Enquirer: 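If you scroll down you'll find the structure; I have some questions about it.
A note on names: the letters A, B, ... follow the listed sequences, proteins ahead of strands, and every chain is numbered from 1. In this text the structure is predicted, and so the values were computed from the model without any measurement.
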Amino acid sequence: MQDVKLSKILREARQTQLALAQRVRIVTLERRPRFVAGVDAAFSGTRVIGSACLFAYVDPSQEYPGAIKNKVDETSVVQEVEFPYVPGFLSFREAPVIISAIRQLEPPPDLIIVDGQGIAHPRRIGIASHIGVLLDIPAIGCAKSRLIGTHLEPGPRKGQWQFLYDKEQQIGAVLRSRDNVRPLYISPGHLIDINGCLDVILHTTTRYRLPEPVRCAHNLSAQNKQLLIC
DNA sequence: GCGACAG
DNA sequence: ATCTTGTCGC
């Protein structure tokens, strides 16, 4: 990626995003997911490690069974990094490997929680929406910090939240996933709405700030990164 | 023109 | 994201 061509590359990437954004659907989740996947990526030199962890968290026929921690499957894929990190274009850097990892999960996930934004993005197509649309699977954006939007400070207790706005539009929620921790920036990726996102995130988060599937994927990526170095 | 800016 | 030890706080 040479700087001289970066502007041209971003121009094309932007067009891709505008097309994908047309396909994003924010709707009420039809049924509670049974197989929930968490995904993340780690970097080492010129390579990127994408990981996906699948959990059978939610009982579709009953109330959420609480902190079930039964991992069903986990996958990891290594690729050469081919895109720089540019705010607003994260998906072109991380989505390819992550999608490869997700495709190897058995069984396929009913929902995916992505480390990044969903529609809380300048063009409403953050990495969670990007992945959700390409795979046609419900997806949630679960970011550790803000990309765009304004919001009131949510209360200090777990479960307290505030809407994230872009102008007058509600694009997500700022959620306290644990008592006294920095809030998470939650936003619909695809085939789900804000309420659905809060419902799933709260029921997949146990004793840490991040939802268990995402935490697992993060650890797996870091672990494989080490194996890659040695 | 000056900041802001997921991972 | 990554480079990195000890340390402040609940």
Enquirer: For DNA chain C, please output the secondary structure as dot-bracket, reading 5' to 3'. Pairs are Watson-Crick or G-U wobble, both atom distances under 3.5 Å; mark crossing pairs with [ ], other-strand partners with |, unpaired with a dot.
Expert: ..........

Enquirer: Output the rounded distance in Å from NZ (Lys144(A)) to P (dA6(B)).
Expert: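 Those two atoms, NZ and P, are 10 Å apart.
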
Enquirer: Let me confirm one number: the CG-CD1 distance from Asp199(A) to Ile186(A), rounded to the nearest 0.5 Å.
Expert: 12.0 Å

Enquirer: What is the per-nucleotide protein-contact pattern of nucleotides 5-10 of chain C, from the 5' end, where B denotes a base atom under 4.0 Å from a protein heavy atom, S denotes such proximity for sugar-phosphate atoms only, and - denotes neither?
Expert: ------

Enquirer: Classify Asp115(A) by what it touches in the nucleic acid, base, sugar-phosphate, or nothing, heavy-atom distance under 4.0 Å.
Expert: sugar-phosphate

Enquirer: Could you verify whether a donor N or O on one side chain and an acceptor N or O on the other, from Thr204(A) and Glu212(A), lie under 3.5 Å apart?
Expert: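 No, no side-chain donor-acceptor contact under 3.5 Å.
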
Enquirer: We want to know whether Arg124(A) and Gln22(A) form a side-chain donor-acceptor pair, criterion being a heavy-atom distance below 3.5 angstrom.
Expert: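 Arg124(A) vs Gln22(A): no donor-acceptor pair found between side chains.
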
Enquirer: Report yes or no: is the cationic atom of Arg146(A) (NZ for Lys, CZ for Arg) closer than 6.0 Å to the six-membered ring centre of Tyr185(A), at no more than 45° off its axis?
Expert: no

Enquirer: With Asp179(A), which of Arg157(A), Lys158(A), Arg207(A) fulfils salt bridge (Lys or Arg N to Asp or Glu O under 4.0 Å)?
Expert: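 So the option named by the test is Arg157(A).
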
Enquirer: Any base atoms under 4.0 Å from His130(A), or only sugar-phosphate, or nothing? Heavy atoms, all strands.
Expert: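 The answer is nothing, as His130(A) stays clear of every strand by at least 4.0 Å.
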
Enquirer: Find the distance Lys225(A):NZ to dG7(B):C1' and express it as a whole number of Å.
Expert: 13 Å

Enquirer: Once you apply a heavy-atom cut-off of 4.0 Å, does Phe89(A) come out as touching a base, just sugar-phosphate, or nothing?
Expert: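 If one applies the 4.0 Å heavy-atom cut-off, Phe89(A) turns out to touch a base.
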
Enquirer: For Gly141(A), which contact category applies under a 4.0 Å heavy-atom criterion: base, sugar-phosphate, or nothing?
Expert: nothing

Enquirer: Scan side-chain atoms only and decide if Asp40(A) and Ser51(A) contain a donor-acceptor pair under the 3.5 Å cut-off.
Expert: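 Judged by distance alone, the side chains do not pair up.
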
Enquirer: Starting from C1' on dA1(C), measure out to CG on Leu210(A) and report it in whole angstrom.
Expert: 14 Å

Enquirer: Do Arg93(A) and Phe43(A) meet the cation-pi criteria used here (NZ or CZ under 6.0 Å from the six-membered ring centre, within 45° of the axis)?
Expert: yes

Enquirer: CD1 of Ile140(A) to CG of Leu191(A): how many Å apart, nearest 0.5 Å?
Expert: 11.5 Å

Enquirer: Does a side-chain N or O of Arg146(A) approach OP1 or OP2 of dC5(B) to a distance below 4.0 Å, or not?
Expert: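 So the side chain of Arg146(A) is within the cut-off, an N or O lying under 4.0 Å from OP1 or OP2 of dC5(B).
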
Enquirer: Testing the 3.5 Å rule here: is there a donor-acceptor pair between the side chains of Thr205(A) and Ser177(A)?
Expert: no

Enquirer: Contact class for Ile127(A) (heavy atom, under 4.0 Å): base, sugar-phosphate, or nothing?
Expert: base

Enquirer: So does His218(A) get a side-chain nitrogen or oxygen closer than 4.0 Å to the phosphate oxygens (OP1/OP2) of dG7(B)?
Expert: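 False: His218(A) side-chain N/O out of range (4.0 Å or more) of dG7(B) OP1/OP2.
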
Enquirer: Find the distance between NE2 (His190(A)) and CG (Leu20(A)) and round it off to the nearest 0.5 Å.
Expert: 10.0 Å

Enquirer: Does Arg34(A) make a cation-pi contact with Phe55(A) (under 6.0 Å, within 45 degrees of the axis)?
Expert: no

Enquirer: Rounded to whole angstroms, how far apart are CD1 on Ile140(A) and C1' on dA6(B)?
Expert: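 That distance rounds to 16 Å.
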
Enquirer: For the pair made of CG in Leu147(A) and P in dG3(B), what is the distance, rounded to whole Å?
Expert: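 Interatomic distance, CG of Leu147(A) to P of dG3(B): 19 Å.
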
Enquirer: Could you check which residues of residues 39-48 of chain A get a heavy atom under 4.0 Å from DNA chain B? Sort them by number, please.
Expert: Asp40(A)

Enquirer: Rounded to whole Å, please give me the gap between CD in Glu94(A) and C1' in dG7(B).
Expert: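 Taking atom C1' of dG7(B) as the reference, CD of Glu94(A) is at 5 Å.
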
Enquirer: Looking just at side-chain N and O atoms, do Gln160(A) and Arg176(A) make a donor-acceptor pair shorter than 3.5 Å?
Expert: no

Enquirer: Does Tyr185(A) stack onto the base of dA6(B), taking stacking as ring centres under 5.5 Å apart and planes under 30° apart?
Expert: no

Enquirer: Please report the distance, rounded to the nearest Å, between CG in Leu164(A) and P in dA6(B).
Expert: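 So the CG-P distance, Leu164(A) to dA6(B), works out to 13 Å.
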
Enquirer: Find the distance Asp166(A):CG to dA4(B):P and express it as a whole number of Å.
Expert: 18 Å

